[in-house]
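First comes the structure, then the notes that go with it.
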Amino acid sequence: MNKHSVLIVGAGLAGLFLALKLAPRRCVVLSQAPVGQASASSWAQGGLAAALAPGDNAALHADDTVKAGAGLVDPAVARLIADEGPARVLDLIALGVPFDRTPDGALAQSLEAAHSRPRVVRVSGDLAGRAIMDALTSAARAAPHIEIIENKRARALLRDVNGRVCGVLCDGGETFEADEVVLATGGVGGLYAVTTNPVEAMGQGFAMAARIGALIADPEFVQFHPTAIDIGRDPAPLATEALRGEGAHIVNGAGDAFVSDLAARDVVARAIHIERQAGRGAFLDAREAMGAHFPDAFPTVFAACMSAGLDPRTAPIPIAPAAHYHMGGIATDVWGRTSIEGLWAVGECASTGAHGANRLASNSLLEAVVFAGRIAARLRDDAPQSPRAPEPTTAPPSLADQPRAELRKLMEAHAGVVRDGAGLGQALARVHALSEIHGQANALVASQLILSAAFARTESRGAHFRSDYPDDHAPHRTFIAAGRDVAAAS
Ligand code: SIN
């Protein structure tokens, strides 16, 4: 048994930034892999949205966030992240993140879809995630108040006799107890056959919280990035939206444009899905926009293309939508508190109300650092709590390779860019059968939540498109606790 003050489960951007901000309060960060590996944050290409440019401001940024979210963004949360974003960017600069600069030394700002103006800070074109994670990892490894424990996968939350969360149970039955537990476990892309996320991202934290009855919000809203590079790799490499911001165009196999390049992400993803289904193919043509500058301007995208023998300076890039970001997750308040005492959630596994039905590009890193900062403030300033000893808990089974592969295909086919009631019902029945055969693995619990909420939402809104219900109704969020639909609020 290991007993700690604050236990942070997950070592991506949200987990490490929170750990750093907690100083001097001691904390332990549990990472399921060596830090920096199996972390979606490291792969982020676009950057971080923050209203830093002359002529921009938090109200304009919040307005774009609300519009992109298709009626389900909480405007107060949109404003909060927009207000606090610039200060968090300065924190990252102080930690050594070398954001790109203009020739006169100002922060360079790039344009991404559905932003009314350029406001995304990047690093060397498409290396923001890597550069931010490198800076945070070095700082966290050097910080005396942080202990990082690698290669530990949490499987279940521990609770005391009062129901307060007091630790986690890991693979092999090892337990880590703590006064406060923060889930920063990332998203659900690994539940899908085509994803830009690490395949390990199968909604573990989200399922662990749901199992103990934590309030879950909007699980049906999974964002599909329109321009994953279709070269048969798993996970699929991303061709950042910033390429379109720099003038690259989406075309079909005949070279014809079929969607506005910088329309909202859900609109572009659906158009590409339809074009591919119709056999016309979809490509990102950056030949004219980038030309010979491609390797310097977007080194990650260039390397991914070249690894498949495709030179994006001379050929269009084949693209497909891919599961990219979970807008839904563990419901939190504006301080990152969940509905269960002692449990906090931050980053992609949380649902704060910032993203609604469709996240605005580059708002995910922003939300992660803003909420990590807010949780750290509470955990530093609130009176320390001492939970009682944990009650006995058994770990859910892990899912073997074969059912896992089947689950990924099932989610891709029935809970993807375009859904319908018949397919969702069929997938739900199969997930139920898989749970009977293999036990209630976290990946099956997470899938069941996504599928059942998608089945219940008989409308189309943002990233959730139902071909049998193509119109929207009055906006409402989904809230589920202990497997039951508990509320529907606008
Ligand atoms: C991208 O670079 O296109 C992805 C950015 C994001 O998901 O916000």
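Throughout, numbering of the chain's residues begins at 1 and tracks the sequence. As the structure lists them, so they are numbered: ligands from 1, and atoms in each ligand from 1. Values reported hereafter were calculated over all heavy atoms of this structure, with side chains retained and with hydrogens, waters and symmetry mates removed.
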Backbone or side-chain N or O of Arg359 under 3.5 Å from ligand 1 N or O: yes
May I ask you to decide whether Arg477 forms a salt bridge with Asp218, counting only side-chain N to carboxylate O separations under 4.0 Å? yes
If the cut-off is 4.0 Å to any non-hydrogen atom of Glu241, which atoms of ligand 1 fall inside it? 1 (C), 2 (O), 3 (O)
Heavy-atom contacts with His225 under 4.0 Å: which atoms of ligand 1 show up? List them by number with element. 1 (C), 3 (O), 4 (C)
Salt-bridged, Asp333 to Arg378, with N to O below 4.0 Å? no
At less than 4.0 angstrom from any non-hydrogen atom of His324, what atoms of ligand 1 do you find? 4 (C), 6 (C), 7 (O)
Residues Asp230 and Arg276 bridged, charged N to O under 4.0 Å: yes
Polar contacts were defined as any N/O atom of the residue lying under 3.5 Å from an N/O atom of the ligand; does this apply to Gln45 and ligand 1? no
Below 4.0 Å, non-hydrogen atoms only: which portion of Arg244 touches ligand 1? Side chain, backbone, both or neither. neither
Can we say Glu241 and Arg265 salt-bridge, meaning some charged N sits less than 4.0 Å from an Asp/Glu carboxylate O? yes
Is it true that Glu112 and Arg359 have a side-chain N and a carboxylate O under 4.0 angstrom from each other? no
When you check the gap from the basic side-chain N to the acidic O, do Asp126 and Arg122 get nearer than 4.0 Å? no
Ala242: heavy atom below 4.0 Å from ligand 1, yes or no? no
Aromatic contact between Phe224 and Tyr192, with the criterion being ring centroids under 6.0 Å apart: yes or no? yes
Min N/O separation Glu112 to ligand 1 under 3.5 Å: no
Go through ligand 1 atom by atom and flag the ones less than 4.0 Å from a non-hydrogen atom of Arg265. 3 (O), 4 (C), 5 (C), 6 (C), 7 (O), 8 (O)
Taking atom 2 (O) of ligand 1 as the reference point, the nearest protein heavy atom with its distance: Thr240 OG1, 2.6 Å
Does ligand 1 have any atom that is closer than 4.0 Å to a heavy atom of Gln223? no
Look only at interatomic distance and state if Ala361 has a nitrogen or oxygen under 3.5 Å from any nitrogen or oxygen of ligand 1. no
Presence of salt bridge, Arg280 and Asp256, under 4.0 angstrom: no
